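These numbers come from a predicted model, not from an experiment. Within every chain, numbering begins at 1; the chains are lettered A, B, ... in the order of the sequence lines, protein sequences first and strands thereafter.
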Amino acid sequence: MNRILTSSLLIATLAMTACTNAGRFGSQEAGAAGTSAPANGGIVPGSANDPRSTAFFQQSIGDRVLFEVDQSSLTPQGRATLDGQSTWLMTNVEYTAVIEGHADEQGTREYNLALGARRANAAREYLISKGVPADRMRVVSYGKERPIEICSQEACYAKNRRAVTVLAGGLTS
Amino acid sequence: MRMVSLLTAFLMAPVAQAQNTLSVEEREAFGAEVAGCWNLGGLAEGAKTPVVTVAFSLSRDGVPVADSLRLIGTGKDTAEAVKSAYQAARRAILRCGAKGYKLPLEKYEIWRNTELTFNPERMSLR
Amino acid sequence: MKSLVLSISLALISLFGTLTAVQAQEPLRIIIDEGVIEPLPFAAPSFQPESAEAGQLAAEVTRVVAEDLIGTGLFREISPGAFISTVSDFNAPVQYADWKAINAQALITGAVNVSGNTLNVKFRLYDVFSGAELGSGLQFAGTTEGWRRMAHKVADAVYSRITGESGYFDSRVVYVSETGPKDKRLKRLAVMDYDGANVQYLTDSGAIVLAPRFSPSGDRVLYTSYESGFPRIYVLDIGSVQRRVLESADGTMSFAPRFSPAGQTVVFSLSQGGNTDIYTMDVATGQSTRLTKTPAIETAPSYSPDGARIVFESDRSGTQQLYVMPASGGEAQRISFGEGRYGTPVWSPRGDLIAFTKQNKGRFHIGVMRVDGSQERLLTSSFLDEGPTWAPNGRVIMFARETQGAGGSSSLYSVDITGRNLRPVRTPEGGSDPSWSPLQP
């Protein structure tokens, strides 16, 4: 438990992103925000062009899958994203992950917590089926507590119905 | 506004004679006067208030005799609910009768002793 | 139907009476089946200060008594400007004619005495048109600091004598105080008087906290917190603000806790491997028992007041619906069959009704139904209403209403079980997940 909290703080500092802890719920672009391209064109460890970095995972692999209204089954697009995640996780074995399940605001608090748990678990089960060891992944549900988009329309709801793979560990583990 | 059950009035009609009963209109007018003061708003149960029957006497000028009021018929409801329903009925009778109900004096013997049954069930249709 | 039967039988009695009674005149019998529904007008002249220091408090106590009564929607206060009589002595005879003249149906008089830190409040209630006292005078003693509670106790007694129901004013509400936009919402536990006064914060906003629930004695609160990084159930002592986690296995999430009526057991939801089921835990031993065993989502459990049954929501039929099962688990009976989805059922403290959140055609409603699912009645409708909690007398429901869009926020409302008297509950910040305490001792 402690390990995971500590690690997520480490990501924030080591990756030199603009992320705060709450920023984990923020947009995918957060990893790149505020970092300009390095002058020598080389790879800055931890930046988005370091293929072993959290930022790379978030932006190039895709850290999240989206769900249909009230559904927890994976879409073809979701499965493709998770295929990429599983390959990456099996290459970068030093990382562990917490998969966060989320729901849009159209539902009661308790039901959405349970629905978020289903979604996170669907992603985790898929990654296990692709060979990622089960003990590297935990799930947590936030229900409707942490939307990333706050309009009350389907365009926003669609982005909030998600399972996000949040990496921990990495360079220092 | 149908204050008095028409059925009651209909069944009464064949035996109604000028001097030994009130006419349908007289009964309805009396009922309507009381109904105007029967406030269920102060009751938490509103229309679910128990049915109560209150017996009382009236003076010749149509004013209820305050200490003649008594509860006579109640169902199986809890004592507290009945007590409140009785108080609401009592308030209705006394408040609207404070200046005397408009009743025909020549039929005083008929309405001298009255029993009013307060049934809120129709109110629940609102 | 019943009224028809009654009419006929009464009519037959009258008929029979008329035909047979030769000498004695039968009483005139009339059925009144229509009345009016309007708030009962009352007068509450400012309570008499019986000591020099009591002047200010006497006025404030009177105000809170009046506001409690007005807030129910069942009473209307007659403005003191209309009074003909003044009440200058608590023990002097009441001039009924003066109160009748302004159509006050109830008259509340009182006296307040302050001696050091001790506060005494006396009151009498009069039924103006009967010209009699309703019940006998009562006196409450407390501290000057707790003056609002004394006022609530007077109002509870008045409410109870007039309506025939027990009161609910001397009670508290624990809830989640909210600030910030929807994507950065900060939440912390707070407890307040039922009317929003005396707010006290119980946690900081460092971790998400959800759905606090009072213990049957009102001294402890169960809630869900993310302080470990995962949702877990905590029990917090309101007096000391000490909390402890209810143990749960690694890799699980637990939430939606509620105490049993005896306070020794907690019923809650536990999520494991994506499946959410209902469990109970013995608070003392920590031993837990699984009550539901389906692959469906089962959550939001709530005990019947006798502790024998549990109502909960499940999507085992494909959508969220309400079910009732024995408190020890076993076969569950579906009770909701209307259109839409049903969640967050809560058993009324009187045992007769179940309050719930209903989602239908893009709207949310708070509703009540009988425990067998019949006589469903929706009390509210909005973009997002949820999470009902019962007043201790089972006549009023408090819930949270979240408004739409990017600037949306959550606040508390109350409504009575007839759907009348919808009103906001004032809190210093936003609010959600209210839980009403029992009446205080």
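- The aromatic ring centres of F118(B) and W38(B) sit less than 6.0 Å apart.
- A side-chain donor-acceptor contact under 3.5 Å links S304(C) and D306(C).
- Listed options G36(B), A88(B), S84(B), A55(B) were ranked by heavy-atom pairs under 4.5 angstrom with chain C; first place goes to S84(B).
- By a heavy-atom distance cut of under 4.5 Å, N103(C), Q105(C) are the residues of residues 99-108 of chain C near chain B, going up by number.
- With sequence neighbours left out, R124(C) forms a salt bridge (Lys or Arg N to Asp or Glu O under 4.0 Å) with E133(C).
- Under the 30°/60° scheme for interplanar angles, the aromatic rings of H152(C) and Y194(C) are found to stand perpendicular.
- Contact residues of residues 60-68 of chain B toward chain C are absent (heavy-atom distance under 4.5 Å).
- The list of salt bridge (Lys or Arg N to Asp or Glu O under 4.0 Å) pairs with a residue in residues 63-76 of chain C, not counting sequence neighbours, reads R63(C)-E77(C).
- Of the atoms belonging to L134(C), it is side-chain heavy atoms, and not backbone ones, that fall under 4.5 Å from chain B.
- No side-chain heavy atom of D33(C) sits under 4.5 Å from any side-chain heavy atom of P120(B).
- At distances below 3.5 Å, at least one donor-acceptor pair connects side-chain atoms of R161(C) with backbone N or O atoms of S136(C).
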Using the side-chain contact (heavy atoms from CB on, under 4.5 Å) rule, take I397(C) and W390(C) through it: C-alpha gap first, then chi angles, then the decisive distance, then the call. CA-CA 5 Å; I397(C) 287 169; W390(C) 289 94; 3.9 Å; yes
Derivation and outcome, side-chain hydrogen bond (donor to acceptor under 3.5 Å, both in side chains), residues D416(C) and T418(C): CA-CA 5 Å; D416(C) 73 24; T418(C) 61; 2.5 Å; yes
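- The one candidate from W111(B), F30(B), F56(B), Y108(B) that meets the ring pair (Phe, Tyr, Trp, His ring centres under 6.0 Å) condition with Y101(B) is F30(B).
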